[in-house]
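Structure first, commentary second.
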Amino acid sequence: MAHATLSHSLILSSSRFSRLGYSTRFLRHPNPLSLPLTRQRFRCYCSDQTSPSVSFSRKRVVSGVQPTGSIHLGNYLGAIKNWVALQDTYETLFFIVDLHAITLPYDPLELRKATRDTAALYLACGVDISKASVFVQSHVRAHVDLMWLLSSSTPIGWLQKMTQFKEKSRKEGGENASVSLLTYPVLMAADILLYKSDFVPVGEDQKQHLELARDLAQRVNNLYGGRKWKKLGGHGGSIFKIPEPLIPQVGARVMSLTDGRSKMSKSAPSDQSRINLLDSKDLIADKIKRCKTDSFVGLEYDNAERPECNNLLSVYQIVSGKTKDEVMEECKDMSWGTFKPLLTDAVVEHLSPIQVRYQEITAESAYLDKVLTEGADKATEIAEVTIRNLKQAMGFYI
């Protein structure tokens, strides 16, 4: 999530889900407890084939986006658009991860506004509150409670190995970086484990954070679960479920418009690098017109020497609703001069109803407040059970 873009275990082989447009491939692996952190593996859902013969009970999915900067096309195509499909099949909880937004210097007034704007965009993008709970992370205090409890079982060496900590702390000047920058992966683990999630939608670059959540779940289960918990009056067994990643084949990682090898990011200095969901038609057209391309003839997917081409074709594929083969047949002989207006029209057409709906939602302040309050209440009901179980297993007097 951290960006969080952030659910949890059954073993199948090559099963597929028609309603999502993904298939799943579960690989059997050794007991992760027997492996060091860097060698642990998990199974993931990631394909685009379907099979109507598969049936399953409603599993739980949790995920969230930070309210920093404007939500852009990468957040939408890589996360929120997929949530809309997931809510029809899974029990879903989608929240605004405002606690993660304070790990780096920030503007308090902007955080307050961005939190509401992000919630409104969730709804505008199609998250349905009759199917999903939408809430603000800090409105459910159990997130922080669980983070503290998990911290007592988290080796500091695990956190120091986190790639994002290394990169962001270096940018912040090493010793000047906040403690929260080191410990926020524990909060992310708490976000996931708190709701006994079955699956977590994650991008390729966020797998390390999910690995940490899995490691902590297994570690706590080992330390406090089973017979130890039963002796303290609990029901025994595992305290936490072990979460699994849910990675869509297309759109999981939308890249920058100025560098096809870098992820589209809110924190990138240039606004030219991203298309924000609320950008005007003219601004979208200008950004796509000026985006980085190459001098090769024709357009193609999956050429390592053409990252920008692969990225722009993938974006077009998703917003147009076409298949990869259909896009390739349509665009293979196009020049950039022909393709860019086509992409612009597709993006504008796709985002226009989202922008209209966003304006309607933000005009009804009381409605948005009600949605977030009810979502937090539902989340709290689940979270309090988890906290009580863990405190009991850890020996707290409750």
Side-chain angles (χ1 to χ4, degrees), residues 1-9 29-44 60-64 93 95 97 99-100 103 137 140-166 179-202 205-226 228-229 234 236-246 379 382-396:
M1 262 174 245
H3 322 349
T5 152
L6 292 167
S7 337
H8 308 112
S9 253
H29 55 76
N31 181 354
L33 287 174
S34 67
L35 299 175
L37 174 65
T38 55
R39 292 187 56 209
Q40 294 187 19
R41 296 292 183 266
F42 45 73
R43 305 173 294 278
C44 72
R60 184 175 291 155
V61 170
V62 299
S63 193
L93 295 95
F95 49 100
V97 290
L99 294 171
H100 288 286
T103 59
Q137 180 190 31
V140 181
R141 63 170 297 169
H143 285 264
V144 175
D145 292 347
L146 182 55
M147 177 193 177
W148 182 250
L149 296 174
L150 291 176
S151 295
S152 69
S153 298
T154 306
I156 194 168
W158 288 10
L159 302 179
Q160 291 172 331
K161 292 177 182 177
M162 302 299 285
T163 301
Q164 289 196 19
F165 167 70
K166 293 178 182 178
V179 172
S180 61
L181 197 59
L182 175 66
T183 59
Y184 89 87
V186 184
L187 177 58
M188 187 179 294
D191 297 337
I192 297 168
L193 302 179
L194 187 60
Y195 300 105
K196 296 187 180 296
S197 309
D198 295 290
F199 302 104
V200 184
V202 293
D205 61 325
Q206 296 162 343
K207 285 183 178 179
Q208 190 181 37
H209 291 97
L210 183 55
E211 287 182 31
L212 179 69
R214 289 166 53 84
D215 292 331
L216 282 175
Q218 291 162 340
R219 186 178 178 89
V220 170
N221 286 343
N222 240 15
L223 289 171
Y224 304 110
K228 301 172 188 176
W229 182 16
S238 296
I239 300 167
F240 294 123
K241 285 186 178 181
I242 309 302
E244 298 288 352
L246 187 62
I382 302 170
E384 286 182 345
V385 174
T386 303
I387 293 296
R388 180 178 178 81
N389 286 344
L390 181 56
K391 283 187 171 181
Q392 181 184 50
M394 291 180 69
F396 285 91

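The structure presented is a predicted model; accordingly, all values stated were derived computationally and were not measured.
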Do you know which two heavy atoms are closest between [X] and [Y], and how far apart they sit?
| X | Y | answer |
| --- | --- | --- |
| Ala217 | Phe240 | CB-CB, 3.9 Å |
| Met188 | His209 | SD-CB, 3.3 Å |
| Val186 | Ser151 | CG1-OG, 3.7 Å |
| Ser180 | Thr103 | OG-CA, 3.4 Å |
| Gly234 | Gln392 | CA-OE1, 3.3 Å |
| Tyr195 | Ala383 | CE2-CB, 4.0 Å |

What distance separates [X] [atom1] from [Y] [atom2], expressed to the nearest 0.5 Å?
| X | Y | atom1 | atom2 | answer |
| --- | --- | --- | --- | --- |
| Asn222 | Ser153 | CG | OG | 11.0 Å |
| Leu223 | Met394 | CG | CE | 8.5 Å |
| Arg141 | Glu384 | CZ | CD | 9.5 Å |
| Phe95 | Gln137 | CZ | CD | 6.0 Å |
| Ile192 | Lys241 | CD1 | NZ | 14.0 Å |
| Leu159 | Thr183 | CG | OG1 | 7.5 Å |

Report yes if the side chains of [X] and [Y] come closer than 4.5 Å at any heavy-atom pair, otherwise no.
| X | Y | value |
| --- | --- | --- |
| Leu187 | Val97 | no |
| Leu149 | Phe396 | yes |
| Asp191 | Val62 | no |
| Leu194 | Ile382 | no |
| Leu216 | Thr154 | yes |
| Trp158 | Glu211 | no |
| Ile239 | Thr386 | no |

Taking it one step at a time, do Val220 and Leu193 satisfy side-chain contact (heavy atoms from CB on, under 4.5 Å)?
-> CA-CA 11 Å; Val220 170; Leu193 302 179; over 6 Å; no
Mutual orientation of the aromatic rings belonging to Tyr184 and His100 [parallel < 30°, tilted 30-60°, perpendicular > 60°] |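 Plane angle over 60°, so perpendicular.
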Run the numbers on Met147 and Leu99 for side-chain contact (heavy atoms from CB on, under 4.5 Å), then give the verdict.
-> CA-CA 11 Å; Met147 177 193 177; Leu99 294 171; over 6 Å; no
